[in-house]
Number of protein chains: 2
Amino acid sequence: MSDVFAALANPTRRELLRLLRETGEQPVQRLADHFDMRRPSLSEHLKVLKDAGLVVEQPVGRQRLYSLCPEPLREVADWLSPYERFWRARLADLRDVLDELPDE
Amino acid sequence: MSDVFAALANPTRRELLRLLRETGEQPVQRLADHFDMRRPSLSEHLKVLKDAGLVVEQPVGRQRLYSLCPEPLREVADWLSPYERFWRARLADLRDVLDELPDE
DNA sequence: TTGACCGGTAGGAAATCTCCTACCTATTGT
DNA sequence: ACAATAGGTAGGAGATTTCCTACCGGTCAA
């Protein structure tokens, strides 16, 4: 659980998740093409994501296809949900204030 | 934005947010009571949260009351939303599989 | 005014993160 | 069998995080 938040803390890893979401499962080299970074570093980021349960790998020949595994993100969404009413309340307050302003 | 994810990566800071959400605005010392950690460390965590826009401080006498500022969490929820359909899909798949199983 | 209290800052130690190069294994195609 | 390709691992450098103790300024109460 804590690992999921830690995994999301890094912009490269968030971008990896976005790529996998938008373009589906991909081998490491194709993912690496999108980054100004050496492949071993990408491998490490993928390992962090895998340990957090956010991706799964499937060996195919000499490639390993990585694909998105979004379940842990649901835990993040669940963690987030008790706060939702707060920002809704704030937005409601803002709307009320705006409603009070005279037209211009 | 990146700061918000980084701020959430630490369990102590997530717990601080929870305390502020459940018990409302509080001075530093009262927050520190909940942690096995010296006060200056808590001050640093509060600074990270403040820089991420997740809390605001209000000086009252010699105290500084911290309170939750949940707007940046909305950005996290927005970041999360494109993934929502994925875990819904996975759950739907799971349900389909379970439906296929014979009763026992 | 002076002591006690609240809480931030300075500076440092230890751990962790994030990148690198070098190297290794496994698989594929010739 | 051999060269080329895919990708993980080892080990290390430098940056960052996370804690600490020591200290500082501001506020309150006697």
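Note on naming: letters A, B, ... go to the chains in the order of the sequence lines (proteins, then strands), and numbering restarts at 1 for each one.
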**Report entry** Check: C:dG7 base within 3.5 Å donor-acceptor of B:R64 side chain
**Finding:** no
Report task. Classify the nucleic acid contact of A:R30 as base, sugar-phosphate or nothing, counting any heavy atom under 4.0 Å across all strands shown. Result -> nothing
Requested in this report: Give the rounded distance in Å between these two atoms: CD of A:E57 and P of D:dA6.
Outcome: 17 Å
Requested in this report: Look at A:S41 and C:dT18 and indicate whether a side-chain polar atom (N or O) is within less than 4.0 Å of OP1 or OP2.
Outcome: no
Report task. To the nearest Å, give me how far apart CZ (A:R13) and P (C:dT16) are. Result -> 15 Å
Requested in this report: Might you point out which heavy atoms bring B:L17 and A:W79 nearest each other, and give the distance in Å?
Outcome: CD1-CH2, 4.1 Å
Query - Atom pair distance, as rounded to whole Å: CD in B:Q26 and P in C:dC6 - result: 14 Å
Requested in this report: Can you measure from CG (B:L8) to CZ (B:R14) and round to the nearest 0.5 angstrom?
Outcome: 7.5 Å
Query raised in the report: Does a nitrogen or oxygen in the side chain of B:R38 sit under 4.0 Å from OP1 or OP2 of D:dC19?
Result: no
Report task. Give A:F35 one of three labels, base, sugar-phosphate or nothing, depending on what nucleic acid heavy atoms sit under 4.0 Å from its own. Result -> nothing
Requested in this report: Please determine if a side-chain N or O atom of A:Y66 lies less than 4.0 Å away from the OP1 or OP2 oxygen of D:dA6.
Outcome: no
Query raised in the report: Is there a side-chain polar atom (N or O) of A:H45 under 4.0 Å from OP1 or OP2 of C:dC17?
Result: no
Query - N/O (side chain, A:N10) to phosphate O (OP1/OP2, C:dC17) under 4.0 Å - result: no
Query raised in the report: Starting at CG of B:D33 and ending at C1' of C:dC6, how long is that distance when rounded to a whole Å?
Result: 13 Å
Query raised in the report: Taking CD from A:Q58 and C1' from D:dG7, how many angstroms apart are they, rounded to a whole number?
Result: 16 Å
Give me the distances for all protein-to-nucleotides 24-30 of chain D N/O pairs that come in under 3.5 Å?
residue : atom : partner : partner atom : Å
D:dT27  : O2   : B:R62   : NH1          : 3.4

Report task. State plainly whether one hydrophobic cluster holds both B:L80 and B:L54, where clusters connect Ile, Leu, Val, Met, Phe, Trp and Tyr through side-chain heavy atoms under 4.5 angstrom apart. Result -> yes
Report summary line: Rounded to the nearest 0.5 Å, the CZ atom of B:R74 sits from the CD atom of B:E71 at a distance of 8.5 Å
Query raised in the report: How do B:M37 and A:K47 order along DNA chain D: which one's closest nucleotide is nearer the 5' end?
Result: A:K47
Query - Rounded distance (Å) that lies between atom C1' of C:dG7 and atom NZ of B:K50 - result: 12 Å
Requested in this report: Specify the residue among B:V28 and A:R39 whose closest nucleotide of DNA chain C lies further upstream toward the 5′ end.
Outcome: B:V28
Requested in this report: Would you mind checking if A:R18 and A:E15 are paired as a salt bridge, meaning a charged N to carboxylate O distance below 4.0 Å?
Outcome: yes
Report task. Rounded to the nearest angstrom, tell me the gap between atom CG in B:L42 and atom P in D:dC19. Result -> 9 Å
Query raised in the report: Using a cut-off of less than 4.0 Å, is there contact between a side-chain N or O of B:S43 and OP1 or OP2 of C:dG8?
Result: yes
**Report entry** Test item: A:S81 side-chain N/O and A:D78 main-chain N/O as donor-acceptor pair under 3.5 Å
**Finding:** yes
Report summary line: Quick note, side chain to side chain donor-acceptor pair (under 3.5 Å) partners involving residues 33-43 of chain B, not counting sequence neighbours, are B:Q29-B:D33
Report task. State plainly whether one hydrophobic cluster holds both A:L20 and A:V48, where clusters connect Ile, Leu, Val, Met, Phe, Trp and Tyr through side-chain heavy atoms under 4.5 angstrom apart. Result -> no
Report task. Find the distance A:D36:CG to C:dC19:P and express it as a whole number of Å. Result -> 10 Å
Report task. For nucleotides 10-15 of chain D, just jot down a letter per nucleotide in 5' to 3' order: B, S or -, based on protein non-hydrogen atoms under 4.0 Å. Result -> -B----
Query raised in the report: Does B:R13 reach the main-chain N or O of B:A6 with its side chain, forming a donor-acceptor pair under 3.5 Å?
Result: yes
Query raised in the report: Would you say the side-chain atoms of A:R64 pair up with the backbone N or O of A:E57, donor to acceptor, closer than 3.5 Å?
Result: no
